[in-house]
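Letters A, B, ... are given to chains in the order of the sequence lines, protein chains preceding strands, and every chain is numbered from 1.
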Amino acid sequence: MMERTVSERFEELKKNALKDFPGMDEKKGITIYVGTATCGRSASSLEVLSSFEGILKTLNIEARIIKVGCHGHCYAEPMAVVSKPGWPPIMYGYLTPNRAQILIRRFFNEEDPALEWALGAMEENDMVPTVYETPRWYRERRWLLKNCGCIDPEDINHYIAVGGYEGLTYAIKMEPRGIIEEIEAAGLRGLGGAGFDTWKKWDICRDAPEFPKYLICNADEGDPGAFMDRTILESDPHSIIEGMIIAGYTIGAESGYIYVRKEYPQAVSVLTTAVCQARELGLLGKNILDSKISFDIKINQGAGAFVCGEETALIASIEGRRGMPNPRPPYPANRGLWGKPTLINNVKTLASIPKILVYGAEKVSSVGMKGCMGTAVFALAGKIKNAGLVEIPFGTTLREIIFDIGGGVPSRIKVSNVAGELPKTIKKQFKAVQIGGPSGGCLPESLLDTPVCFDTIVDTGAIMGSGGMVVMDEDNCAVETARYFLEFTQKESCGKCTFCRIGTKHMLNILTDITRGAGIMEDLDMLEELAETIKKGSLCNLGKTAPNPILTTLCYFKEEYEAHILDKRCPSLECKDLIAYYILPEKCRRACDACVGSCPTEAIYTRRDRLKAIEQEKCVKCASCMDACPAQYDAVIKISPISQLPESEPRDDDGKKK
Amino acid sequence: MEKKVNLKIDEREIVVDEGTTILDAAQQNGIRIPTLCHHPCLSNWGGCRLCVVEADGAPRLVASCVMPVREGMGVVTSNDRIIEARRTILEFMFAERNHYCMFCAQSGDCELQSLAYEMQMDHLTVSSSYQAFPVDITSEYMAIDHNRCVLCGRCIRGCQEIAGAYVLNFQNRGPDSLIGLDLNEERGESTCYSCGVCMQVCPTGAIYNRYRTHYAVKGHTKDWETVDSFCPQCGLLCPTLHFVKDNNLLKIEGKLSLNGGSPDLGQLCYKGRFEPFKTIGTRLLQPRVRRKDGTWAEETWQNALDLVAEKLGTIRDTYSGKAIFGLASSRCSNEELVLFRDIMSGGWASGYIDTLDGDHMRTISRAMEDVGKTFKEASWKSILESDFILAVGADPYKSQPLISSLIHRCVMEKGVKLAIIGKTDFMRPWTSLYLSPRNGKEPLFIKALLEEVIASAKESSREVERADVPGLLKGEGLNWEDRGTFYDMVRIFAKSYNPIIIAGEALTGTDDPSGLIPLIKLALFKGLLPENTLRLIILKPEGNSAGAWRLGLSSRKGINGKDKWRGGLMLLGGEETLSSDLPDRFSGLDFLGVMSPYFPETLADKAHVIIPKPLWIEEDGTYTSLDGIEFSYREKVLNPPEGVKGSWQTMVALADRTKFRPDFKTWKELRKKVEKEMELGPFLMY
Ligand SMILES: Cc1cc2nc3c(=O)[nH]c(=O)nc-3n(C[C@H](O)[C@H](O)[C@H](O)COP(=O)(O)O)c2cc1C
Ligand code: SF4
Ligand code: SF4
Ligand code: SF4
Ligand code: SF4
Ligand code: SF4
Ligand code: SF4
Ligand code: FES
């Protein structure tokens, strides 16, 4: 009886939604989808959007413009998909307001789809190759990101039209135990970093005898360089809401919180709209879809402290206290928010739930590897060609992610100032990849064939974390990298426990000394000792994982540390205190004054022989001269250690001035 | 029955209740684990990590102070790995900030220092790289020296959980972390109570007492004597521990209690903790007599006492006892008061014996008489059980500071509604139900409140709003919005189940009981508490006001305060500052004898003889609590300075100079007499 009503109610909603949803369906006229999530906006997609609007109006073309979220192809933002009857929907990247205008003119006036800006078609067809054939796409398995960039996140009907909230109708018909079993069978592990079995957490929380219970969606995402959660929040908020309703039903909670950082204003606004719309359609609130289930969501904004992503600190923060971790046990599943059993899951974990119910555990667990089933989302950043989000099956190797999907390390392009001469391409070598953000580790080339999974990554000394992946090339110094991440963690340490608060500071001091050439070999033992002590004694995982960048770089790049200490040399020529800029006299053409003008401190002078040289005392090592020196000369180099700097030549004007 | 758990600590089989932490389990069995951020009277924290132990099953070191025991657990509390970790922590702490003990106010009384000795720390392996922080000395009582702070958070938890003040918290993150008051105020500008709980629980020299003499502290706490006592300064009789070395007072601590202990959790207020350290004038060591030229000369005890006896005797013989007055401070112990009372009336037939705060007590009596029945006053501890607090004409932060802390705890922790009528800066921010009539106009509002409450009870459906509040407000310094506040008070009071009313000096300090009477009726309106107890707490001016009243000193018909006295008067002073109108009222006297620990500057041209007496901290005695419920005996904490005779000695010596023979021969007998008088029926039943 009840089942019928739930299904009927849902069918009604779906029918309604389909009426409105354009889909990528040509029958519904011309539609332009513009990505307007944060990444797009920062690449000025809003200007592109209004440019589209302007030109369509001028040309009197009737079209729908839909603001969609982010596909994760951040390298190509601003992006848009143009769907025109007679053509497959085509995705364009690297747009500018100007290009948007030209594109529309060409496409609509001349039937020329301007394929040089296209990334590919979104559907199989005979005219345009699809994006799925490009390496950036075909290795991916888009489940979590399926809707991202394809629907209007501020219109719940879009989500329903593409199959949303169907998982919920299945869940309502299931027993909570059955849902937990399904999740167990799907092998879902917490995607917030620790990889704890999701079904176990749910089970503990469901069994906890106290009421009320609470559910928290952890959308704090504090790792610098990670933006997977933000993208889902901004592009597909209902997948999270749906996951939360199911989780709430399963564990017996009727209120949920989404803890999202204030620095994600776009996410907050999209979420707020989504929650309101879900309430309007009876998907949130009392008696969801006329069933006996009630669940509602509050959005809680955090002030953006990294540590507030830690679950006990997050709870303190929601309760209005200072966000500081508390010892576990008691675990939140037993005693959490307001002292009651509380389930905390990451955005991606919760967004996975509806998919599991729709696809079925069997299909989900057929992807991935033993112990880690399904897909993982990574944010690729740093020295990588195709930066952005990738979703891959667990078990994909790092090499595949970085080189096949990410396109590898980009070369540096140096422009010549001679007309007609081609720019010079300087190939760069891959050096390392930092996985798991500041809590993770730095892995070298030799480990690139590691398949990605919580356990295998931990074996290397890094952690999966929430999925940040920063790629480094030969110009990145391992010691400096460790120092950079440690500076972050020690600043973000909540200050509660001694090891983390003071220990990270000491490690940072030592690292800073080493990058300045003031280190001694004993420092390395000290670092290792401190790192081990801090790891084993800190209260929360911020402290316990803070030494990881040091331990991994010490393990895989020890020779770099030694070079800094023993030779006062930075092999990557990055540590400013250990390098000097030098103009190679044999390459410098005196007639060219490019470097002179570029130097902010007027450190470059003319030698007696009219060549240019750098007055080291004045040089602030900003690299401007190096960039300015035209490709055909390429005379400026970095030298390390500084002691190898050739003696300086007298100035041209020496006699005159003195 | 609690479930039991079996475990092994350092190879010893141990059985403890389920839910016990490893630390507690160890301590219950005499196994020591060093701790720093943990405090038995505060909530668990787990920050400093000094208490780490190895527990099998846990892959890493666990903080024993927060880790509950598990069945079959094996715990190792000490091995090389653990000691190394602990020493690293201590080194970190010493390296983080400035711990040059020889310049530290707390050296010798510092847990961090003791731990360093215990762990045999003799050098730092990490480089110390501290930055200098400012020292906050904006409070007269306590300094905060961030340079000695180890960020253990004990002060913060003390301020929240014991003082109920919620003033302190951490600010900033990482190595920039600091403790801070309010939104980064200096202590002098903050909402701090100066209760010193934070100072008491601070394990280091980061919060220290600005009044104590640091040189006396140096050296180790083991040489210290502790005296179990209480504070008699305001009638709450808070239990204290006094720490003494060589007759020097080193510190006063509250007897912090675990949850479920006393309702005030063992805190002290700024008076209890700091006042005894202050010197408030020139201490008298020898009697003094005023010469003809107005200067004061030291005199022998013999001669001074003779002079007093002779002068009072002459006046009595000339005019009768009606010209002899006795005036005592209600800060004195019950024993002093009885001695004084008996000797004044027995020795010189004094017709008038009163206390300095007698007027207050008589106003209370008159109000009770007017109501016509006898009731007990509520215990001040019942504040914590109330669901609505109405304070009228009271500023407990000044009179009974701990009461303001209890009120704040109720407001903060239980959401109890607080309503205030009368002036108070301190409690003002705690409530929106605040009316501040012009001085002396409180009674108008109480009457209106009573009327409206009664009316709304009679016709429950009717919207209250009958009293002519706008009329009342006019000219009384209140504005139109206060009208809403007034009716909110009426509504909330009417709805409350367990209200408690606190009346203060603005009501008792006038001759006119017209404010107290409707207040008593208002309290009666909500029914009595068990044992004929009114829902009313009356704040009294001095520490032993209730005792003095009970002993009949202030309950007699008073001397009209506006009159000048003529004849002879003996003043038994305490440590209070005398009210400013007193010297004027003394100016018609033929003779004024004063007993006081300090030279009473304001009476320098009025008194004839001044006889030294010990401070309260230097004498034994009993005191009666504010509500009349408790009656406690305390032994002296310090010896009086050489030469200063006890009150007993002085007064018995005076009696010897008259024909009067008291009915007690020894101090013991005096105590018995006091006890008996106190037993004469329930205290403070009017
Ligand atoms: C310092 C620190 C920061 C964290 N930040 C996040 C975060 O931003 N988002 C998140 O989902 N989990 C974060 N976590 C992990 C959470 O504590 C928790 O494990 C997670 O939310 C559980 O969700 P899951 O089971 O779905 O992974 C953080 C943990 C630590 C120690
Ligand atoms: S490990 Fe760091 S962040 Fe975690 S509780 Fe300790 S000080 Fe705070
Ligand atoms: S590195 Fe910068 S400061 Fe130094 S010489 Fe070049 S341009 Fe000038
Ligand atoms: S706080 Fe303790 S350890 Fe620090 S200087 Fe003072 S006495 Fe020494
Ligand atoms: S003195 Fe009392 S109120 Fe003030 S900060 Fe310390 S504990 Fe808090
Ligand atoms: S002031 Fe004292 S109690 Fe407070 S955090 Fe610092 S050391 Fe701990
Ligand atoms: S509240 Fe009263 S009794 Fe308690 S410490 Fe303060 S002055 Fe003394
Ligand atoms: S005493 Fe246990 S962590 Fe501080």
Specify whether B:Phe92 and A:His506 have parallel, tilted or perpendicular ring planes, treating 30° as the upper limit for parallel and 60° as the lower limit for perpendicular. parallel
State, to 0.1 Å, how close B:Ser64 and B:Cys51 come at their nearest heavy-atom pair, and which atoms those are. OG-O, 2.8 Å
Please classify the contact of A:Ile510 with chain B as side chain, backbone, both or neither, using a heavy-atom distance under 4.5 Å. neither
Between chain B and each of A:Lys535, A:Arg322, A:Gln490, A:Lys491, count heavy-atom pairs under 4.5 Å; write down the option with the most. A:Arg322
Which heavy atom of A:His564 sits nearest to which heavy atom of A:Thr515, and what is that distance? CD2-CA, 4.2 Å
For chain A, find which of B:Thr88, B:Val126, B:Thr125, B:Val52 contributes the most heavy-atom pairs closer than 4.5 angstrom. B:Val126
Could you tell me which portion of B:Ala85 (side chain, backbone, both or neither) has an atom closer than 4.5 angstrom to a non-hydrogen atom of chain A? both
Is the B:Trp45 ring parallel, tilted or perpendicular to the B:Phe170 ring (thresholds 30°, 60°)? parallel
Using non-hydrogen atoms and a 4.5 Å limit, figure out which bit of B:Asn172 sits close to chain A: side chain, backbone, both or neither. backbone
Atom group of A:Lys505 that falls short of 4.5 Å from chain B, counting heavy atoms: side chain
Salt-bridge present (A:Glu487, A:Arg483; N to O < 4.0 Å): yes
